[in-house]
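Structure first, then comments.
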Amino acid sequence: MSQRLIPSPPTAGEGSPRDISSRKVKFGMNILDTRRKELQHEYDTLRAKQNQASKEIQELKKSGKDTSTIIAEMGKVASRLKEIQAERNEVEEKLKSSQLDIPNKRHPSVPVGKSSEDNRVERIFGKKPEFDFKPQDHVALGEKLGILDFERAAKIAGSRFAVYKGAAAKLERALINFMLDLHTQENGYTEILPPFMVNEKALIGTGQLPKFEEDMFKTTAGYYLISTAEIPLTNLFQNEILKEEELPISLVAYTPCFRAEAGSYGKDVKGLIRQHQFNKVELVKFSHPEKSYEALEKLTNDAEKVLQKLGLHYRVVTLCSGDIGFAAAKTYDLEVWLPGQNAFREISSCSNCEDFQARRAGIRFKPKAGGKPQFVHTLNGSGLAVGRTLIAILEQFQQKEGGIAIPKILQSYFGGDRIS
RNA sequence: GGAGGGGUGGCCGAGCGGUUGAAGGCGAUGGUCUUGAAAACCAUUGAGCCCCUAAAGGGUUCCGUGAGUUCGAAUCUCACCCCCUCCGCCA
């Protein structure tokens, strides 16, 4: 009944400059939490009394004595208990729901800022490809080569969908296989093929609900289409207590991802950049709290390796406080160079959520040395967004005569060295 | 969609409305024994909240979830969820 994973509210939203209201929320929560403790205490005391009386009644009955006095008294206790229970449920409900709306606290190394302008560039890999002709964007390239069809996609589905044909379809598949092989064979991840639909509880666990419901597609049966494999992967261990020696756990999964993209009207309307459905290979780690920042570096490097092996020019930025996601304590974005846009665009987002998701989803580990179970730290990152990788390949490796050179490492997967 | 069966601790599996956090078994951990191992034997073996503490300890909750009956519920009633079997339908 009172078995809830109620974290101590005072620290839940600490240091989140983007959410000024969180202080107010915290104040209210402290009051609620105090009340919860009072009620719990009275409840426990009365229950102790009740348990004691229960034994007495039993003995009185055995020896044939009168029990009406004590039973009448216990009747009062019972009704008071009901009152307490009702109020306690109410308080816990309020506490829980206000807590679910508070974003994660930010790591001290996260730069303070308002928008993506304020993100900090950490490093740049490779050089801008130079062209002795005017490079085209992937939409033009794809249509000219006859491998991407947006018009027919609109006919059968709508805007923000694409049909891949021939070489594009094959390239997408080659990329998925290449990424999965790299992460399972070289980077030590275990491959998972999860459900592409999940329930509400899973979405609360990773932080999509209750605040961001409008981003999700919901089925009439009540399931939600996943917006990222992070959701099924992270929730795999919800309400479990892992062994310390099992950590870290590293998982990789290919899944399609579905996003409603509500509120992004007018943004990236052309092309593959922002779709309702796209493919992604996702990395997720469950880490010991003391090692999670090491793990974040490792995970980011694992994702970078994909870009490096493909020979794609990219940079790494640390998201500022205004640009970082709800659940993350720190996030590195990998941004790939798109000559067609003359800009770096996000292709992977690698985050340490610390214990934010672990608390919501109830993912803990039992310390080897003994003591209470502790929350793990969860991390996730794209490794990589497949569609955007395909865009980068089309745009960075386009040739003067209009074809596309396939990176060496992909050639065996793709079954050829160029698209023409 | 129709009919039936079931949800108890890490697992299997008992459980009369009142010392049942829950018999028994398995597993795991520690110990005794042993040259070592096995066997045998002994002990330990869940989580949440609260109080107290140097440590220890104590109270309370949790037998799918929620509500109800009762002085008292794992045990009775209702609703919901999940799993299994059979039939139908379908990839």
Side-chain angles (χ1 to χ4, degrees), chain A residues 1-12 29-97 99 193-205 209 218-225 232 235-247 249 256 355 358-376:
Chain A
M1 218 172 283
S2 63
Q3 188 164 14
R4 301 257 157 79
L5 291 166
I6 296 174
S8 41
T11 59
M29 283 171 68
N30 279 334
I31 292 171
L32 285 174
D33 195 48
T34 306
R35 183 64 187 147
R36 195 193 103 241
K37 281 184 187 169
E38 281 169 15
L39 289 167
Q40 184 65 43
H41 195 76
E42 190 182 351
Y43 184 85
D44 284 357
T45 311
L46 288 179
R47 280 297 282 173
K49 209 169 172 182
Q50 203 175 49
N51 287 340
Q52 187 57 37
S54 185
K55 280 181 202 165
E56 279 171 35
I57 290 170
Q58 195 187 161
E59 276 174 29
L60 286 173
K61 279 200 169 164
K62 256 186 213 159
S63 55
K65 286 181 189 154
D66 175 55
T67 55
S68 58
T69 322
I70 187 161
I71 284 181
E73 196 185 320
M74 284 304 109
K76 280 185 222 158
V77 171
S79 66
R80 174 64 190 146
L81 274 171
K82 243 169 223 166
E83 286 170 28
I84 293 173
Q85 208 176 340
E87 192 186 343
R88 195 189 52 187
N89 285 349
E90 200 180 309
V91 167
E92 284 187 355
E93 197 53 48
K94 274 189 202 161
L95 205 49
K96 233 165 113 187
S97 66
Q99 226 174 289
L193 183 61
F196 301 159
M197 290 186 233
V198 294
N199 58 31
E200 203 168 282
K201 233 166 104 191
L203 290 164
I204 290 172
L209 290 185
K218 189 178 187 178
T219 68
T220 52
Y223 298 111
Y224 291 84
L225 299 181
N235 281 290
L236 231 38
F237 300 114
Q238 64 161 245
N239 294 317
E240 289 193 33
I241 299 173
L242 305 165
K243 290 190 189 121
E244 182 172 358
E245 49 277 28
E246 289 178 275
L247 301 177
I249 296 173
D355 65 3
R359 283 179 185 278
R360 297 168 71 114
I363 309 168
R364 293 173 291 173
F365 71 95
K366 196 171 182 103
K368 217 176 167 189
K372 285 191 170 194
Q374 289 179 41
F375 290 106
V376 300

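Order of the sequence lines sets the chain letters (A, B, ...), proteins ahead of strands, with each chain counted from 1.
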Begin with the C-alpha distance, continue with both residues' side-chain angles, and end with the deciding distance and a verdict on salt bridge (charged side-chain N to carboxylate O under 4.0 Å, His left out) for A/Glu87 and A/Arg35. CA-CA 10 Å; A/Glu87 192 186 343; A/Arg35 183 64 187 147; 2.8 Å; yes
Measure all distances between protein nitrogen or oxygen atoms and nitrogen or oxygen atoms of nucleotides 50-56 of chain B, and list the pairs falling under 3.5 Å.
unit_1 : atom_1 : unit_2  : atom_2 : d
B/C50  : O2'    : A/His41 : ND1    : 3.1

Apply salt bridge (charged side-chain N to carboxylate O under 4.0 Å, His left out) to the pair A/Asp33 and A/Arg36, showing each step before the final yes or no. CA-CA 5 Å; A/Asp33 195 48; A/Arg36 195 193 103 241; 2.4 Å; yes
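- When both pairing distances are held under 3.5 Å, B/A55 makes no Watson-Crick or G-U pair with any nucleotide shown.
- Nucleotides B/C81 and B/G64 place their C1' atoms 7 Å apart, quoted to the nearest Å.
- For the P atoms, the distance from B/A23 to B/G66 is 24 Å, rounded to whole Å.
- The partner of B/G1, taking Watson-Crick or G-U wobble pairs whose two distances both stay under 3.5 Å, is B/C87.
- Atom CG of A/Leu81 is separated from atom P of B/U60 by 12 Å (rounded to the nearest Å).
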Side chain to side chain contact (heavy atoms under 4.5 Å, CB included) evaluation trace for A/Asn235 with A/Val198: CA-CA 10 Å; A/Asn235 281 290; A/Val198 294; over 6 Å; no
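- In this entry the distance linking CD of A/Gln85 with C1' of B/G66 reads 11 Å, nearest Å.
- From A/Arg359, atom CZ reaches atom CZ of A/Phe375 across 5.0 Å, with rounding to the nearest 0.5 Å.
- Counting only heavy atoms from C-beta outward, the side chains of A/Val376 and A/Leu247 approach each other to under 4.5 Å.
- Taking atom P in both B/G7 and B/G15, one finds a spacing of 11 Å when rounded to whole Å.
- Take A/Ile84 and apply the side-chain contact (heavy atoms from CB on, under 4.5 Å) test, not counting sequence neighbours, and it matches A/Leu39, A/Glu42, A/Tyr43, A/Leu46, A/Arg80.
- With rounding to whole Å, A/Ile363 atom CD1 is found 18 Å from B/A47 atom P.
- Remark: B/A22 base-pairs with no nucleotide; criterion is Watson-Crick or G-U wobble with both hydrogen-bond distances under 3.5 Å.
- Between A/Lys96 atom NZ and B/C49 atom C1' the separation is 15 Å, expressed in whole Å.
- B/U65 is paired with B/A79 under the criterion used here, namely a Watson-Crick or G-U wobble arrangement in which both key atom distances are under 3.5 Å.
- The CD atom of A/Gln374 sits 17 Å away from the C1' atom of B/G46 (whole-angstrom rounding).
- Pair assignment for B/A43: B/U29, on the basis of Watson-Crick or G-U wobble contacts that are both within less than 3.5 Å.
- Taking the P atoms as reference points, B/A43 lies 33 Å from B/A54, given to the whole Å.
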Verify side chain to side chain contact (heavy atoms under 4.5 Å, CB included) between A/Glu246 and A/Lys243, making sure each step is shown before the conclusion. CA-CA 5 Å; A/Glu246 289 178 275; A/Lys243 290 190 189 121; 3.4 Å; yes
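- Checking B/A73 for Watson-Crick or G-U wobble geometry (two distances, each under 3.5 Å) identifies no partner in any strand.
- Using P as the reference atom, B/C84 and B/U45 are 35 Å apart when rounded to the nearest Å.
- Checking B/U34 for Watson-Crick or G-U wobble geometry (two distances, each under 3.5 Å) identifies no partner in any strand.
- Nearest-nucleotide mapping onto RNA chain B: of A/Pro373 and A/Thr45, the residue sitting toward the 5' end is A/Pro373.
- Using a 4.0 Å heavy-atom distance criterion, A/Lys366 is classed as a sugar-phosphate-only contact.
- Here the separation of B/G27 from B/C11, taken at their C1' atoms, is 7 Å to the nearest Å.
- A/Gln50 and A/Arg47 form a side-chain donor-acceptor contact under 3.5 Å, judged by distance and modelled atom types alone.
- Atom-to-atom distance recorded for A/Ile70:CD1 and A/Glu73:CD is 6.5 Å, nearest 0.5 angstrom.
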Nucleotide N/O to protein N/O under 3.5 Å, stretch nucleotides 69-80 of chain B:
unit_1 : atom_1 : unit_2  : atom_2 : d
B/U69  : OP2    : A/Lys82 : NZ     : 2.9
B/C71  : N4     : A/Lys61 : NZ     : 3.4

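- For the pair A/Asn239 CG and B/C81 P, the computed distance is 20 Å after rounding to whole Å.
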Criterion side chain to side chain contact (heavy atoms under 4.5 Å, CB included) on A/Ile241 and A/Phe365, from CA distance to verdict: CA-CA 5 Å; A/Ile241 299 173; A/Phe365 71 95; 5.7 Å; no
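- The separation between A/Leu39 atom CG and B/U60 atom P is 18 Å, rounded to whole Å.
- Surrounding CZ of A/Phe196 are more than 12 heavy atoms belonging to other residues, nucleotides or ligands, all under 6.0 Å away.
- Taking the C1' atoms as reference points, B/G6 lies 39 Å from B/G58, given to the whole Å.
- If you take atom C1' in B/G36 and the same atom in B/U32, they sit 16 Å apart, rounded to whole Å.
- In this entry the distance linking CG of A/Asn89 with C1' of B/C62 reads 14 Å, nearest Å.
- Relative to the side chain of A/Arg364, the nucleotides B/A67, B/G48, B/U61 differ in distance, and B/G48 lies closest.
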